[in-house]
Amino acid sequence: MNVADVSGVPEWVPGHLRDDGIEELYPPQAEAVERGVTEGESLVASIPTASGKTLIAELAMLASVERGGRALYIVPLRALASEKKREFDQFEEYGLSVGVSTGNYESDGDWLAACDIIVATSEKVDSLVRNGAGWLDDLACVVADEVHLVDDAHRGPTLEVTLAKLRRLNPDLQTVALSATIGNAGEIAEWLDAGLVDSDWRPIDLRTGVHYGQALHFDDGDTRELPVRSSERPTAAIARETLDDGGSTLVFVNSRRNAEAAAKRLASVTVGALTPEEEERLEAVAAEIREVSDTETSDDLARAVERGAAFHHAGCAGEHRSLVESAFRDRLIKLVAATPTLAAGVNTPSRRVVVRDWRRYDGSVGGMAPLSVLEVHQMFGRAGRPGLDPYGEALLLANSHDELDELFERYIWADPEAVRSKLAAEPALRTHVLATVASGFADSREALLSFLDRTLYATQTAEQGRLERVADNVIAYLVANEFLERDGDALRATSLGHTVSRLYLDPMSAAEIIDGLRGATDPTAMGLYHLVCRTPDMYDLYLRSGDREEYTMLAYEREAEFLGAMPSEFEEGRFEDWLSALKTARMLEDWASEVDEERIAERYGVGPGDVRGKVDTAEWLLGAAERLAGELDMGTAPAVHEARVRVQHGVREELIDLARVRGVGRKRARRLHDAGVETRADLREADKSVVLAALRGRRRTAETILENAGREDPSMDGVVADPEAAPAASTTPGGTEGGERADDDQASLGDF
DNA sequence: CATCTCGCGCTATAGACAGCATGTC
DNA sequence: CTATAGCGCGAGATG
């Protein structure tokens with residue numbers, strides 16, 4: 001189909017596509033148009049990655065905007081929200097406005113309502129529904145990206161319920177669901193009353209195969225020997241061959257440690273293929289990586305990057321990840337060893353993909369479990385860069401002939417699994433039942449059940465009554481905790497229930513927090529950190545060997561501080577969980593006591609990404625706790641507030657005031673304080689030479705900070721740093737020496 | 001002497017959304 | 001109280 005033949009879209013669209021070099025639609029895109037996706041028809045598109053899903057969504061959204069409506073694009077990850085926003089910005093020259101809304105980035109409320117296209121995460125959309133955002137009522141088109149994630153036990157139900165709510169709010173809503181190729185796309189389409197495009201078509205060829213011995217065995221029957229090098233590991237041999245052919249390699253492994261080790265080892269392969277110019281540019285990328293954080297992870301990553309390889313996992317800070325992704329896309333980094341983060345994240349195609357580990361530790365089965373076909377195919381799907389590579393190749397590795405056969409059976413020939421709703425589980429229903437009642441979608445048990453009947457779960461289940469049974473348990477729980485009131489069949493959210501729903505807390509988290517705060521008179525920061533770490537909304541650190549003893553001791557030492565009773569040591573599971581929470585809480589306490597990020601990373605065996613993630617979650621939960629304490633008149637609100645602000649800035653109590661000044665983070669605040677400048681008011685009055693010295697003679701920085709503190713005359717012209725006030729090497733209580741770099745002053749946490 | 005290879009025992013285990021009110025280099 | 005593979009270590013072999 002020619003772009004000129006697409007009906008329903010604004011008249012500038014064909015010309016715009018031609019400018020991008022698009023004359024003809026890909027077959028699945030053409031099929032989508034034939035099914036009326038630009039005429040407001042709902043559609044499920046189950047097609048491989050990189051086969052033009054985004055264009056289908058764009059056409060649908062543009063057509064709905066042309067008809068005078070508004071479009072919402074739902075993504076599973078914050079990183080994808082900004083990626084999509086950037087893509088959609090191309091429409092701004094035609095007068096469309098595009099807005100993003102995620103937890104950490106919110107376009108202003110009114111402005112969002114004026115947008116034609118809005119990109120948001122599923123949780124954010126859920127939250128907007130709960131808070132009654134008015135513009136949701138005049139939505140014409142909703143796009144759900146990666147809709148196969150409804151299969152995810154943790155986050156799938158949110159997407160499922162949110163789609164059901166949006167469709168209920170607006171019965172004429174066009175629903176466009178984009179999915180990887182899955183086993184039961186038809187079922188999804190049926191659920192959404194949508195047409196279906198189900199295709200394996202790809203714009204560039206994908207060859208899949210298994211490496212065994214010294215050879216690659218492909219799905220088309222081809223076999224190719226790899227050039228023999230004495231006992232080189234298979235991954236290295238494959239990477240070398242790809243490199244000789246001018247391509248890049250993406251290696252998927254099953255643990256962070258493996259990712260880091262593989263990157264380090266394989267860097268010795270990539271380093272030989274770099275041109276001097278590339279070396280220079282990689283040097284610059286490595287420098288940026290070191291800027292991000294002072295940790296060993298950061299340094300290891302930079303060292304690998306200098307040699308043309310990188311690792312990628314959730315322990316890396318967000319900036320680490322985006323630096324690696326973009327350098328890989330620019331073909332500067334030749335190889336990335338990644339955990340599954342990368343398969344589901346932003347677009348990072350590669351000539352070759354190697355799925356090195358096809359089993360992964362899974363606590364719920366108590367051992368290693370094979371990856372699903374869907375996951376492996378998603379990883380495979382990263383092979384082949386449109387417009388750059390003639391084809392993509394995706395490989396698994398086998399150690400024996402039997403394994404070779406097994407891998408062909410299990411992954412190469414196999415069709416992906418069917419996607420199954422995970423809604424009928426208590427944790428998922430706990431939060432969604434409360435929200436459904438609180439935001440007016442159901443006012444009785446019966447109405448609730450009939451609402452739930454519109455979910456995917458209801459269309460899939462053979463087991464009648466299960467959903468009802470779980471829902472009843474959940475209702476009983478919510479009533480017992482005074483989030484809901486029941487009167488015969490009628491259900492009503494209490495005022496507390498409304499608050500919990502709007503705060504987006506798991507009701508169980510709210511109950512735990514309320515319970516902990518009720519018994520507290522003068523809680524310590526540690527007590528509060530531990531409290532929020534115990535909630536199901538916090539993802540705790542693992543206990544490693546030796547940790548059990550260490551944290552058991554700590555538990556007794558600081559017993560008086562914990563809110564609520566400590567479980568007995570003999571209650572295996574509960575005690576372990578409680579200790580994990582303690583470990584996480586102590587990490588937060590370290591952070592809020594100005595311990596260096598480097599030291600924290602080392603002490604807890606985590607990466608900078610973990611530290612920031614935990615801090616972020618703690619900040620959120622403490623904010624919610626503060627609200628709850630205020631609402632219930634508990635008098636602990638000020639203590640919660642202080643604990644929250646300390647964790648937010650990573651400072652001790654005495655620096656809170658200083659850290660609130662823009663440009664002043666934990667390190668600068670401490671240096672200023674040491675120099676005798678203790679408050680914002682001091683900053684306005686203090687001797688400039690002292691301020692300058694405390695800021696290590698950085699004039700520009702000092703001027704900006706003084707200006708932000710509200711000083712009348714921030715100029716540093718002619719000021720000389722006071723040597724008396726210069727910071728000593730080690731000023732951080734509880735920490736090691738300060739950083740070595742000249743301008744490392746900020747452990748920037750706000751950039752998330 | 002430096003580097004590689006083999007085998008054994010030990011060890012550690014993926015991911016990441018949300019409130020609210022403003023502002024990091 | 002589950003499973004696995006990768007790593008580090010030491011010993012022996014090779015260039």
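We name chains A, B, ... by the order of the sequence lines, and we start the count at 1 in each one. Below, each value reflects all heavy atoms present in this structure, side chains not excepted, and no hydrogens, waters or symmetry copies.
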Quiz item: Taking a pair as Watson-Crick or G-U wobble with both distances under 3.5 Å, which nucleotide is matched to dC1(B)?
Solution: dG15(C)
Quiz prompt | Distance in angstrom units between Arg660(A) CZ and dT24(B) P, rounded | solution = 11 Å
Quiz prompt | Ion pair check, Glu123(A) and Arg155(A), cut-off under 4.0 Å | solution = yes
Quiz item: Between OH of Tyr604(A) and CZ of Arg544(A), what distance do you get to the nearest 0.5 Å?
Solution: 11.5 Å
Quiz item: For Arg359(A), does its backbone N or O pair with a side-chain atom of Asn254(A) as donor and acceptor, under 3.5 Å?
Solution: yes
Quiz item: OP1 or OP2 of dC17(B) sitting under 4.0 Å from any side-chain N/O of Thr158(A)?
Solution: no
Self-check item: Per Trp620(A) side chain, nearest of listed nucleotides dA18(B), dC20(B), dG15(B)
Solution: dA18(B)
Quiz item: Is there a donor and acceptor pair closer than 3.5 Å between the side chain of Arg360(A) and the base of dA14(B)?
Solution: yes
Practice problem: Output yes if the stacking criterion (under 5.5 Å between centres, under 30° between planes) is met for Tyr542(A) over the base of dA12(B), else no. | Solution: no
Quiz item: Which of these nucleotides, dG15(B), dT13(B), dT24(B), is closest to any side-chain atom of Arg662(A)?
Solution: dT24(B)
Quiz item: Taking the side chain of Arg627(A) as heavy atoms from C-beta outward, which of dA12(B), dC20(B), dC17(B) is closest to it?
Solution: dC20(B)
Self-check item: Given dG19(B), dC17(B), dG6(C), the nucleotide with the shortest approach to the side chain of Asp357(A)
Solution: dG6(C)
Practice problem: Just name whichever nucleotide pairs with dA12(B), Watson-Crick or G-U, keeping both distances under 3.5 Å, else none. | Solution: dT4(C)
Practice problem: Check the distance between dC25(B)'s C1' and Arg696(A)'s CZ and give it to me in whole angstrom. | Solution: 15 Å
Quiz item: Within the pair Arg78(A) and dC17(B), is there a side-chain N or O less than 4.0 Å away from OP1 or OP2?
Solution: yes
Quiz item: OP1, OP2 of dT13(B) versus side-chain N and O of Arg359(A): anything below 4.0 Å?
Solution: no
Practice problem: Choose from dC25(B), dC17(B), dC7(C) the nucleotide whose nearest atom is closest to any side-chain atom of Arg155(A). | Solution: dC17(B)
Practice problem: Could you walk me through whether Arg700(A) and Glu703(A) pass the salt bridge (charged side-chain N to carboxylate O under 4.0 Å, His left out) test, one step at a time? | Solution: CA-CA 5 Å; Arg700(A) 247 335 276 162; Glu703(A) 284 175 2; 3.0 Å; yes
Quiz prompt | Proximal nucleotide (of dC7(C), dA18(B), dG19(B)) relative to the Glu619(A) side chain | solution = dG19(B)
Practice problem: Could you work out the separation of dG6(C) and dA14(B) based on their P atoms and round it to a whole Å? | Solution: 14 Å
Self-check item: Residue whose nearest DNA chain B nucleotide is more 5′ - Pro340(A) or Ser127(A)
Solution: Pro340(A)
Practice problem: Check every atom of dC17(B), dA18(B), dA14(B) against the side chain of Glu375(A) and return the nucleotide holding the closest atom. | Solution: dA14(B)
Quiz item: Which of the following nucleotides, dA18(B), dC20(B), dT13(B), is nearest to the side chain of Tyr361(A)?
Solution: dT13(B)
Quiz item: Which nucleotide, in any strand shown, forms a Watson-Crick or G-U wobble pair with dG10(C), with both distances under 3.5 Å?
Solution: dC6(B)
Practice problem: Quickly work out the Glu123(A) CD to dC17(B) C1' distance and round it to whole Å. | Solution: 4 Å
Quiz item: Hey, is the side chain of Arg698(A) poking within less than 4.0 Å of OP1 or OP2 on dC25(B), counting only N and O atoms?
Solution: no
Quiz item: Looking at Arg265(A), does any N or O in its side chain come under 4.0 Å of the phosphate oxygens OP1/OP2 on dC7(C)?
Solution: yes
Quiz item: What nucleic acid atoms does Asn254(A) come within less than 4.0 Å of, heavy atoms only: base, sugar-phosphate, or nothing?
Solution: sugar-phosphate
Quiz item: Just checking Arg321(A): base, sugar-phosphate only, or nothing, at a heavy-atom cut-off of under 4.0 Å?
Solution: sugar-phosphate
Exercise. Measure the distance from CZ on Arg130(A) to C1' on dC20(B) and round it to the nearest whole Å.
Key: 16 Å
Practice problem: Ignoring hydrogens and angles, tell me if any N or O in the side chain of Glu626(A) forms a donor-acceptor pair with the backbone of Val640(A) under 3.5 Å. | Solution: no
Practice problem: Just compare dC17(B), dA18(B), dG15(B) and give me whichever is closest to any side-chain atom of Leu77(A). | Solution: dC17(B)
Practice problem: With heavy atoms under 4.0 Å as the rule, sort Ala369(A) into base, sugar-phosphate or nothing. | Solution: nothing
Quiz item: Out of dA3(C), dA18(B), dC20(B), which has the shortest distance to the side chain of Met368(A)?
Solution: dA3(C)
Quiz item: Under a 3.5 Å cut-off for both distances, is dT22(B) Watson-Crick or wobble paired, and to whom?
Solution: none
Exercise. Would you tell me if any nitrogen or oxygen in the side chain of Thr339(A) comes within less than 4.0 Å of OP1 or OP2 on dG15(B)?
Key: yes
Exercise. Assess Arg666(A) against Trp591(A): is NZ or CZ under 6.0 Å from the centre of the six-membered ring, and within 45 degrees of the ring's axis?
Key: yes
Quiz prompt | Single hit among Arg684(A), Arg646(A), Arg680(A) for salt bridge (Lys or Arg N to Asp or Glu O under 4.0 Å) with Asp657(A) | solution = Arg680(A)
Quiz prompt | Contact nearer the 5' end of DNA chain B, comparing Thr704(A) with Gly605(A) | solution = Gly605(A)
Practice problem: With heavy atoms under 4.0 Å as the rule, sort Gly623(A) into base, sugar-phosphate or nothing. | Solution: base
Practice problem: Nearest whole angstrom, please: distance from the C1' of dC20(B) to the CG of Leu128(A). | Solution: 13 Å
